Colleague: 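Got a structure here, written out as structure tokens. Questions coming.
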Amino acid sequence: MSLRRRIGLIYLSGTLPCFEDFGNLPTDLVREDGLVDGKPASEVLDMLIIPSGSLLESQSVNSIVSDEILKMAKAGKFVLGVGSGFQLLAKRTVVGRLAASSIVREGLGLLDVEFNSLICTDQVKVNVVGQSFLSDSVGLEVSGFHCHTCGGVVLPVDVDDVKPVLVSHVEHVNYRKVPQDLVSGVANKAGNVVGVLVHELLDQSVIVEGIVKSLGFDLLDLQEIRKVNALLVSEMKGEIGINTNIHPVNAEVRRLPVMVLVTAVGSGSGKTFLVTGMAGALRKRGYDVGLIKLGGDVRDSVPALYLVKGAMRRYCSIKISESGWSSVWESINQAWGEHNFLFVEGAMSAFTGMLNSKITRPASTLEVAASLDAPIIVIVTCDKEGVEGGLVNVLNYVNVLKMLGVNPVGVILNKMSTSYLTEDDKQTINQAFKNVGVELIGVVPNVKFEQHNVMVPEVDICYEAFSTHAMDVVERYINLDQLVQLAQAPKQVNVDYVAFVEKFKKLLINYSCIFP
């Protein structure tokens, strides 16, 4: 098909090419060789989109691709960086929010800004405050969402070479409610190189219209572009991760939508790592996997979306207390129409928030689980308290969940040393779980990785390394057939949250033994 205008999308390890739809505009993928149809991308393309991801941490943008980006910018062609793509276009970014010392990643310097740590995962309203190829309508209001750890845009004192073009009105930064306006998009002086932090921006029709106008094509061109785009998206979604050459099987899988809710005895138990691996492994088996996070910190779902090539939608965040995007059933009903296996990842422990009477309900993972009658998978780490301490913790945990009338169905023992366990010990562990009515679906050893930093969120995470390691670990140590059997369709339950919390308080007072 001959196109008058062609729009490229960077497709490298660490990018999130399906995290949003980009207005259904991309027509071509730009890979490591920097070519499109055997020619340099800068000669073929009219516009290039650099998607979000972990581009700086992955360091997957080689000199060939960098040169093509620079050539397009110099030639006056349009270059748009989103999220991590924006950081690539900037001068430098301080990554590793929780690292022992600052980690600085250099960008291409096409935009005279720097980035520092600033967490924001809000749905936002955005105003256009400067002209660029995205829009010349200053004052226009659009919407989207933020999903970043290093989103603090630092403008130079002399702003002659760079101009703000977008301002987001956010409610929360760095886990606190601090309403403020943030610069979320800038352009170079010529207006042909733009970086934005706002996701789903290109899915606003007025922004697409602005790009169409800037590129000088008409509605017929747009129709042809979107036909090509549909084929491109299908190609991308046919691969798990990027450059893995792993493709979902075509075998028939159960089409009745089901779900599991994954919680843990506490933070740091490995929920995100194991949910990522389970999502990728089930996608590999042919399931259409959806990811939902309880609370507003949707960053936890990104590594799994990287593997399954999923988009971040409004339903991907269930509101607990004041944190999150959608109500429980609004989220579930929307996700149900798109996927046949849902992972709902809890926030902190199942009980966190239960005793806080000053916040709106539901305020905890447990309350959401009760309102869904969801099958619950509990993860417990055994690295600090040993196998024995981990077992006592999780048996008590499961017992309390059952007393509260929710539905724990499975347990995963994580970071566990199994070297000294005899067959008799293993039988004892299995029998202990059967006695409380749950299945042991996985025993995951304390896996060591050569590149430790790239495995740690908020240090120097590389989605490619994190996600593929997670899938490998899950396929080796989690019984996926058992997981699928334990999944169920949710049931809408009207929960009296006040009574539910009172029941929890009474249980705390009267609970005295691991066994009822």
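All values below were derived from every heavy atom in this structure, side-chain atoms included, with hydrogens, water molecules and symmetry-related copies excluded. None of these values were measured; they are calculated from a predicted model. Residue numbers start at 1 and run along the sequence shown.
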Colleague: Answer yes or no: is there a donor N or O on one side and an acceptor on the other, between the side chain of T263 and the main chain of A350, under 3.5 Å?
Modeller: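 Here the side-chain-to-backbone pair exists.
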Colleague: Could you walk me through whether M354 and L508 satisfy the side-chain contact (heavy atoms from CB on, under 4.5 Å) test, starting with their C-alpha distance in whole Å, then the side-chain angles of each, then the deciding distance to 0.1 Å, before giving a yes or no?
Modeller: CA-CA 12 Å; M354 286 283 287; L508 291 177; over 6 Å; no
Colleague: In Å, rounded to the nearest 0.5 Å, how long is the span from CZ of R313 to CD of E20?
Modeller: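 Rounded to the nearest 0.5 Å, the CZ-CD separation comes out at 9.5 Å.
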Colleague: Just verifying a value: how many Å separate I320 CD1 and L294 CG, rounded to the nearest 0.5 Å?
Modeller: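 One gets 5.5 Å once the value is rounded to the nearest 0.5 Å.
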Colleague: Before giving the answer on side-chain contact (heavy atoms from CB on, under 4.5 Å), spell out for Y397 and V411 the whole-Å C-alpha distance, their side-chain angles and the decisive distance to 0.1 Å.
Modeller: CA-CA 10 Å; Y397 210 84; V411 168; over 6 Å; no
Colleague: May I ask you to decide whether D496 forms a salt bridge with R361, counting only side-chain N to carboxylate O separations under 4.0 Å?
Modeller: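 A salt bridge is absent here (no side-chain N lies under 4.0 Å from a carboxylate O).
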Colleague: Quick one: are F433 and V398 in side-chain contact, heavy atoms under 4.5 Å?
Modeller: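 A side-chain contact under 4.5 Å is absent here.
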Colleague: Less than 6.0 Å separating the ring centroids of F466 and Y306?
Modeller: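 Aromatic pair excluded; centres sit 6.0 Å or further apart.
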Colleague: I'd like to know if the side chain of N174 and the backbone of I119 have a donor-acceptor N/O pair within less than 3.5 Å.
Modeller: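 Yes: the side chain of N174 pairs with the backbone of I119.
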Colleague: Roughly how far, to the nearest 0.5 Å, is CG of L342 from CD1 of I292?
Modeller: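 Reported to 0.5 Å precision, the distance equals 5.0 Å.
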Colleague: Looking at side-chain heavy atoms only, is the closest gap between V474 and L274 below 4.5 Å?
Modeller: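 Yes, their side chains come closer than 4.5 Å.
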Colleague: Could you check if a side-chain atom of Y497 sits within less than 4.5 angstrom of a side-chain atom of P362, using non-hydrogen atoms only?
Modeller: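 When only atoms from C-beta onward are counted, P362 and Y497 do touch, with a gap below 4.5 Å.
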Colleague: Before accepting this row, confirm whether a basic side-chain N of the pair D288/K237 lies closer than 4.0 Å to the acidic partner's carboxylate O.
Modeller: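 No, D288 and K237 are not salt-bridged.
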Colleague: Considering all heavy atoms of both residues, which atom of V170 and which atom of C120 are nearest to each other, and what is their separation?
Modeller: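 Heavy-atom minimum between the residues: CG1-SG, 3.8 Å.
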Colleague: Taking all heavy atoms of G280 and all of L307, pick out the closest pair and write down the distance.
Modeller: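 Minimum heavy-atom contact is CA-CD1, 3.8 Å.
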Colleague: Are the side chain of D203 and the backbone N or O of G23 linked by a donor-acceptor pair below 3.5 Å?
Modeller: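 Yes, because the side chain of D203 sits within donor-acceptor range (under 3.5 Å) of the backbone of G23.
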Colleague: Checking K271 side chain against M348 main chain: does a donor-acceptor pair fall under 3.5 Å?
Modeller: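 Indeed, once roles are kept as given, a pair shorter than 3.5 Å links the two residues.
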Colleague: Side chain to side chain donor-acceptor pair (under 3.5 Å) between N435 and Q431: does it pass, once the steps are laid out?
Modeller: CA-CA 6 Å; N435 287 346; Q431 190 59 50; 2.9 Å; yes
Colleague: Would you say the side-chain atoms of S364 pair up with the backbone N or O of F351, donor to acceptor, closer than 3.5 Å?
Modeller: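 Looks like no, no N/O pair under 3.5 Å.
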Colleague: Give the minimum heavy-atom separation between G390 and C382, together with the two atoms involved.
Modeller: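 Smallest heavy-atom distance, with atoms named: CA-SG, 4.2 Å.
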Colleague: Pick out which of Q334, H339, E330 makes a side chain to side chain donor-acceptor pair (under 3.5 Å) with Y315.
Modeller: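 That would be H339; it is the only one of Q334, H339, E330 passing the side chain to side chain donor-acceptor pair (under 3.5 Å) with Y315.
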Colleague: Kindly indicate whether the side chain of I242, heavy atoms from C-beta on, has any atom under 4.5 Å from the side chain of K309.
Modeller: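 Yes. Closest side-chain heavy atoms under 4.5 Å.
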Colleague: Enter the distance from R105:CZ to L88:CG here, rounded to the nearest 0.5 Å.
Modeller: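 Here the rounded value is 12.5 Å.
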Colleague: Main chain of L118, side chain of H148: is a donor-acceptor contact present, judged purely on distance under 3.5 Å?
Modeller: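 Yes, because the side chain of H148 sits within donor-acceptor range (under 3.5 Å) of the backbone of L118.
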Colleague: Any side-chain heavy-atom pair from L202 and L80 closer than 4.5 angstrom?
Modeller: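 SC-SC contact between L202 and L80 confirmed.
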Colleague: Using every non-hydrogen atom in the two residues, find where C150 and Q87 come nearest and quote the distance to one decimal.
Modeller: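 Taking every non-hydrogen atom into account, O-NE2, 2.9 Å.
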Colleague: Compare every heavy atom of V183 with every heavy atom of L197, then report the nearest pair and how far apart it is.
Modeller: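 For L197 versus V183, the nearest heavy atoms are CD1-O, 4.3 Å.
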Colleague: To the closest 0.5 Å, what do you measure between CD1 (I377) and CD1 (I441)?
Modeller: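 The CD1 atom of I377 sits 4.0 Å away from the CD1 atom of I441.
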Colleague: Quick check: does any side chain N or O of R314 sit under 3.5 Å from a backbone N or O of W325, one acting as donor and the other as acceptor?
Modeller: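 A pair under 3.5 Å: yes.
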Colleague: Backbone N or O of V124 within a donor-acceptor pair of the S143 side chain at under 3.5 Å?
Modeller: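 It does not hold such a pair.
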Colleague: At what distance, to the nearest 0.5 angstrom, does OH of Y463 lie from OG of S52?
Modeller: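 Going from the OH atom of Y463 to the OG atom of S52 covers 6.5 Å.
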Colleague: Taking the side chain as every heavy atom from C-beta outward, state whether F19 and C147 have any atom pair closer than 4.5 Å.
Modeller: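 They are in side-chain contact.
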Colleague: Report yes if some heavy atom in the side chain of W336 is under 4.5 Å from a heavy atom in the side chain of P490; otherwise report no.
Modeller: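 Side-chain contact under 4.5 Å: yes.
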Colleague: Taking 4.0 angstrom as the limit, do E322 and K177 come out as a salt bridge?
Modeller: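 Looking at E322 and K177, the cut-off is not met.
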Colleague: For the pair E388 (side chain) and G386 (backbone), establish whether a donor and an acceptor sit closer than 3.5 Å, ignoring hydrogens and angles.
Modeller: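 No; zero donor-acceptor contacts below 3.5 Å.
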Colleague: Just do the side-chain contact (heavy atoms from CB on, under 4.5 Å) check on M312 and L16 with the steps written out, would you?
Modeller: CA-CA 10 Å; M312 181 69 75; L16 293 163; over 6 Å; no
Colleague: If we count only N and O atoms by modelled type, under 3.5 Å, do the side chains of H169 and D122 hold a donor and an acceptor together?
Modeller: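 Short answer, no.
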Colleague: Do T381 side-chain atoms and S269 backbone N/O form a donor-acceptor pair below 3.5 Å?
Modeller: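 Side chain of T381 to backbone of S269, a donor-acceptor pair under 3.5 Å: no, none is there.
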Colleague: Might you point out which heavy atoms bring S58 and S13 nearest each other, and give the distance in Å?
Modeller: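 Taking S58 first and S13 second, the nearest heavy atoms are CB-O, 3.9 Å.
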Colleague: Let me see the working for V206 and S137 under side-chain contact (heavy atoms from CB on, under 4.5 Å), right down to the final yes or no.
Modeller: CA-CA 9 Å; V206 290; S137 301; over 6 Å; no
Colleague: Less than 4.5 Å apart, side chain to side chain, heavy atoms only: is that true for E439 and K434?
Modeller: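 Yes; the side chains approach each other to less than 4.5 Å.
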Colleague: Let me know which of T121, D300, T272 forms a side chain to side chain donor-acceptor pair (under 3.5 Å) with K293.
Modeller: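 Going through T121, D300, T272 one by one, the side chain to side chain donor-acceptor pair (under 3.5 Å) with K293 is satisfied by D300 alone.
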